[in-house]
Amino acid sequence: MSNHEASYDFIREIIADDLKSGKHSFIKTRFPPEPNGYLHIGHAKSICLNFGIALHFNGLCNLRFDDTNPSKEDVEYVESIKEDVRWLGFDWDDREYYASDYFDQLFEFAVQLVRKGKAYVCSLSQEQIREYRGTLTEPGRNSPYRDRSIEENLDLFQKMKAGVFKDGEHVLRAKIDMASPNMNMRDPTIYRIKHVAHHRTGDKWSIYPMYDFTHCLSDALEKITHSICTLEFENNRPLYDWVLDTLETDCHPQQIEFARLNLNYTVLSKRRLIQLVEGGHVSGWDDPRMPTLSGIKRRGYTPESIRNFCDRIGVSKRDSIVDMELLEFSVREDLNRHAPRFMAVLNPVKVVIVNYPENLTEELEAVNNPEDASMGKRKVPFSRELYIDRDDFRETPPKKFFRLSPGREVRLRYAYYITCREVIKDKDTGEIIEIRCIYDPETRGGWSKDGRKVKGTIHWVCASQCLRAQVRLYDRLFTASNPLEKKDGVDFKDYLNPNSLEVLDDCPIEPGLKDLSPGSNCQFERQGYFCVDIKDSRPEYPVFNRTVTLRDTWAKIERRGKK
RNA sequence: UGGGGCGUCGUCAAGCGGUAAGACACAGGAUUUUGGUUCCUGCAUUCGGAGGUUCGAAUCCUCCCGCCCCAGCCA
């Protein structure tokens, strides 16, 4: 973008215009989650957008809980939401609001609507209301209660509030147009009776306002300038405007819709995520395979990488499915710069250096992060018996394989050149149980004075000095790129990847790893980025979660060879 | 068959009548004590389709096609 300015997304463009034209001099947005589930990466897009816009234009973004349906909501969710937004790196200061804080004002607004003759108490049953509503192609019919007097409506509505009626006996409806081609305008319900305790207001209310009535007024009360929401609310915008226009509020925010995030190989809807949790397909909302922010965090993703990802995907009105690899690229990019490197062997096979002294242990120097010299160096113990990864040895090496094999010399990272001399196998199973090598004492540190080159460098861990750890290898949760693709009676859960988690126990790891605290990221050299599990890791037996593998060109070459 | 939206590279996405940005992915190559990183190079003669307007169209007009959303006392 050398010649042109970085282009705004269409929302920032609208806002910049509003600022330029003088329509607004101060920008205010809000992030309005309903506390009925955990936040996921899709919400991160909205959070980054709303808070990002406020930051960008020097405005403010409120956090507002849209808690108008007590039967679905819970404080557990509000706590997790606050934690996740903070984790992502955004701050709402003291601007933590709840739609439920506005219940009194909302009630008054509803009374005003009734007084204006723009709302009425309807006593049709739920089924009748549905019948009267008509269909997409046929207009609805007016409710027989549509023309109740203002006095009667007022009286009935007060009684609804007072709790004299049972759930479902009456509702308050906006009086708009039963023939509107927009279903949302066919006298939408704005208040319903619910004898349910609310997580904040307790049993004060027996009626609760509906979303369409609550959201626009909450926005107006908070003096929001731009109310950004997802595409499916586009049909609700006329109603949003109708309520504010009819009530003649002194603030009329502009609702702008953008396309929600979809990611391949996963699902992003609370409804479906809750099925995975309740069905026991994952260990909980924060299972590292979940696209929830708590899951992603536990997986080892950094807030920085999520924010970068959200910048990269852009904002538009097109329904789209973003490639998971873009998310993975974003973490790799961040972790490559920041994660300290260590050596760990996931699938160990023993290597004995036959010409190395029996009882010697050396301390070899290793670089903590080749991308950042300020991260320093560390000592790694080395002795006669080591572990290397089984994948790094082939008895009969395929073409282009330049790791260890009989007669071949490779470099042990930061240590010595070794040459394989003998392979010991289990008599019965034929499994390789030990690889015998000789080392060249002149190559200490991994250099040879004679300039001799080795093709491969492999990682290793000292057998006598290593720690043991559990390593959890995570893979995509679904086998289908779009688990929601419509197919004859196939449920998205049918595409769950049975191999999305592989648990490896007693993996030999470099002793320096014991100092990492829960939640810390690191790289296991040549393998991937890992983090210490926040819940299950113990000093005596650490647990590492694989965040993402390193790019693996060898695997690609090998795969190609097989095809 | 009502209404509201949306169709630009494999995936996102710029483009706002002057001759198709960028990112990821992919493919080559260089450098490398991570087959990592980094660095080069390549990757839409064409913008859902067909017409039209114009000196000039992805951008304007017309028609057509495809996809998404709406019939909760959910949000």
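These numbers come from a predicted model, not from an experiment. Naming: A, B, ... by sequence-line order, numbering from 1 per chain.
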Check your understanding: Taking only N and O in the side chain of A:Arg318, is any of them less than 4.0 Å away from OP1 or OP2 of B:C68?
Key -> no

Practice item. Could you tell me the separation between the CD atom of A:Glu232 and the C1' atom of B:C67, rounded to a whole number of Å? Key: 16 Å

Review point. What nucleic acid atoms does A:Glu328 come within less than 4.0 Å of, heavy atoms only: base, sugar-phosphate, or nothing?
Key: nothing

**Study point:** C1' gap between B:U34 and B:G15, integer Å
**Key:** 41 Å

Check your understanding: What does A:Tyr208 touch in the nucleic acid at a heavy-atom separation under 4.0 angstrom: a base, only the sugar-phosphate, or nothing?
Key -> nothing

Check your understanding: Does A:Thr553 make a side-chain N or O approach to OP1 or OP2 of B:G36 shorter than 4.0 Å?
Key -> yes

Check your understanding: Which part of the nucleic acid does A:Glu131 contact within heavy-atom distance under 4.0 Å: base, sugar-phosphate only, or nothing?
Key -> nothing

Practice item. Look at all strands and tell whether A:Leu239 reaches a base, only sugar-phosphate, or nothing, counting heavy atoms closer than 4.0 Å. Key: nothing

Practice item. Would you mind classifying the nucleic acid contact of A:Tyr191 as base, sugar-phosphate or nothing, using non-hydrogen atoms under 4.0 angstrom? Key: nothing

Review point. Could you give the CG-to-P distance, from A:Asp323 to B:G22, as a whole number of Å?
Key: 20 Å

Check your understanding: Taking N and O atoms by type only, does the side chain of A:Gln523 place a donor or acceptor under 3.5 Å from a partner on the base of B:U34?
Key -> yes

Review point. Looking at A:Lys556, does any N or O in its side chain come under 4.0 Å of the phosphate oxygens OP1/OP2 on B:C26?
Key: yes

Revision key, fill the gap. Quick note, A:Arg413 side chain, CB onward, closest among B:G36, B:A75, B:U34 is B:U34

Check your understanding: Rounding to the closest angstrom, what is the interatomic distance between B:A21 and B:C64 at atom C1'?
Key -> 31 Å

Point to revise | Phosphate OP1/OP2 of B:C24: any A:Arg551 side-chain N/O under 4.0 Å | key: no

Point to revise | Pairwise P distance, B:G10 and B:G51 [rounded to whole Å] | key: 23 Å

Exercise for review: Check whether any side-chain N or O of A:Asp177 sits under 3.5 Å from a backbone N or O of A:Arg186 as a donor-acceptor pair, and report yes or no.
Suggested key: no

Review point. Centres of the A:Tyr208 and A:Tyr191 rings: under 6.0 Å?
Key: no

Exercise for review: Give A:Thr68 one of three labels, base, sugar-phosphate or nothing, depending on what nucleic acid heavy atoms sit under 4.0 Å from its own.
Suggested key: sugar-phosphate

Point to revise | Donor/acceptor link under 3.5 angstrom from A:Asn235 side chain onto base of B:C69 | key: yes

Review point. Parallel, tilted or perpendicular: which fits the ring planes of A:Tyr102 and A:Tyr97, with parallel below 30° and perpendicular above 60°?
Key: tilted

Check your understanding: Hey, does A:Gln126 reach any base, or is it just sugar-phosphate, or nothing, if we go heavy atoms under 4.0 Å?
Key -> base

Review point. Contact class for A:Asp167 (heavy atom, under 4.0 Å): base, sugar-phosphate, or nothing?
Key: nothing

Practice item. Using atom NZ of A:Lys194 as one end and atom C1' of B:G72 as the other, report the distance to the nearest whole Å. Key: 10 Å

Point to revise | Ring-face cation of A:Arg476 near A:Tyr265 (centre distance under 6.0 Å, axis angle within 45°) | key: yes

Check your understanding: For A:Tyr211 and B:A75, do the ring centres fall under 5.5 Å apart while the planes stay under 30° apart?
Key -> no

**Study point:** Phosphate OP1/OP2 of B:C70 contacted by A:Arg186 side-chain N/O (<4.0 Å)
**Key:** no

Exercise for review: Map A:Val315 and A:Asn182 onto RNA chain B by nearest heavy atom, then report which one ends up closer to the 5' terminus.
Suggested key: A:Asn182

**Study point:** Span that lies between the C1' atom of B:A20 and that of B:A14, in whole angstrom
**Key:** 10 Å

Exercise for review: Measure the distance from CZ on A:Phe31 to P on B:A75 and round it to the nearest whole Å.
Suggested key: 16 Å

Exercise for review: Tell me whether B:G29 sits syn or anti, counting syn as a glycosidic angle within 90° of 0.
Suggested key: anti

Point to revise | C1' atoms of B:A13 and B:A23, separation to the nearest Å | key: 8 Å

Practice item. Side-chain contact test, heavy atoms from C-beta onward, threshold under 4.5 Å: evaluate it for A:Asp212 versus A:Ile190 and give yes or no. Key: no

Check your understanding: What is the ring orientation for A:Phe478 with A:Phe492, classed by angle as parallel under 30°, tilted 30 to 60°, or perpendicular over 60°?
Key -> tilted

Review point. Please give, in whole Å, the distance from B:C69 C1' to A:Asn262 CG?
Key: 13 Å

Study note, to complete from the structure: Against the side chain of A:Leu136, the closest entry in B:G2, B:U34, B:A23 is B:G2

Practice item. Return the nearest nucleotide to the side chain of A:Glu234; candidates are B:G5, B:U34, B:A23. Key: B:G5

Study note, to complete from the structure: To the nearest angstrom, the CG-P distance between A:Asn184 and B:A71 comes to 7 Å

Review point. When only distance counts, do a donor and an acceptor, one from the side chain of A:Glu257 and one from the base of B:C6, lie under 3.5 Å apart?
Key: no

Point to revise | Residue-phosphate contact under 4.0 Å: A:Thr137 side-chain N/O, B:U1 OP1/OP2 | key: no

Practice item. Under a 3.5 Å limit for both distances, which nucleotide forms a Watson-Crick or G-U wobble pair with B:A57, could you say? Key: none

Check your understanding: How close or far is atom P of B:U11 from atom CG of A:Leu261, stated in whole angstroms?
Key -> 16 Å

Point to revise | Stacked cation flag A:Lys161 on A:Phe107, 6.0 angstrom / 45 deg | key: yes

Revision key, fill the gap. Separation of B:G72 atom P from A:Ile190 atom CD1, nearest Å, is 18 Å

Check your understanding: Do the rings of A:Tyr8 and A:His56 sit parallel, tilted or perpendicular, given the 30° and 60° boundaries?
Key -> perpendicular

Review point. Does the side chain of A:Arg341 get closer than 4.0 angstrom to OP1 or OP2 of B:U37 through an N or O atom?
Key: no

Review point. In whole Å, what separates the C1' atom of B:U19 from that of B:A57?
Key: 10 Å

Practice item. Once you apply the 3.5 Å cut-off to both distances, tell me the Watson-Crick or G-U wobble partner of B:A23, or none. Key: B:U11

Review point. Considering only the P atoms, how many Å lie between B:U59 and B:A50, rounded to the nearest integer?
Key: 12 Å

Exercise for review: Could you tell me whether A:Glu34 contacts a base, only the sugar-phosphate backbone, or nothing, with contacts defined as non-hydrogen atoms closer than 4.0 Å?
Suggested key: sugar-phosphate

Point to revise | Residue closer to the 5' end of RNA chain B, A:Ile313 versus A:Gly446 (nearest nucleotide) | key: A:Ile313

Check your understanding: From the list B:C70, B:C74, B:G35, which nucleotide is the closest neighbour of the side chain of A:Asp552?
Key -> B:G35

**Study point:** Mate of B:G66 where both pairing distances stay under 3.5 Å, Watson-Crick or G-U
**Key:** B:C6

Check your understanding: Which part of the nucleic acid does A:Phe401 contact within heavy-atom distance under 4.0 Å: base, sugar-phosphate only, or nothing?
Key -> base

Review point. Does a distance-only test, which skips hydrogens and angles, find a donor-acceptor pair under 3.5 Å between the side chain of A:Arg403 and the base of B:G35?
Key: yes

Review point. Heavy atoms under 4.0 Å, any strand shown: does A:Lys400 hit a base, just sugar-phosphate, or nothing?
Key: base

Point to revise | Integer angstrom distance from the C1' of B:U8 to that of B:C74 | key: 36 Å

Practice item. May I ask you to test the A:Arg30-A:Asn50 pair for a side-chain heavy-atom distance under 4.5 Å? Key: yes

Check your understanding: Base, sugar-phosphate, or nothing: which does A:Arg130 touch, judged by heavy atoms less than 4.0 Å apart?
Key -> sugar-phosphate

Check your understanding: Which is true for A:Ile129 with a 4.0 Å heavy-atom rule: it touches a base, it touches only sugar-phosphate, or it touches nothing?
Key -> base

Check your understanding: Less than 6.0 Å separating the ring centroids of A:Tyr439 and A:Tyr416?
Key -> yes

Exercise for review: Scan A:Arg312 against the nucleic acid and name what it touches under 4.0 Å (heavy atoms): base, sugar-phosphate only, or nothing.
Suggested key: sugar-phosphate

Study note, to complete from the structure: Testing B:C73, B:G36, B:A25 for proximity to the side chain of A:Leu550, the answer is B:G36

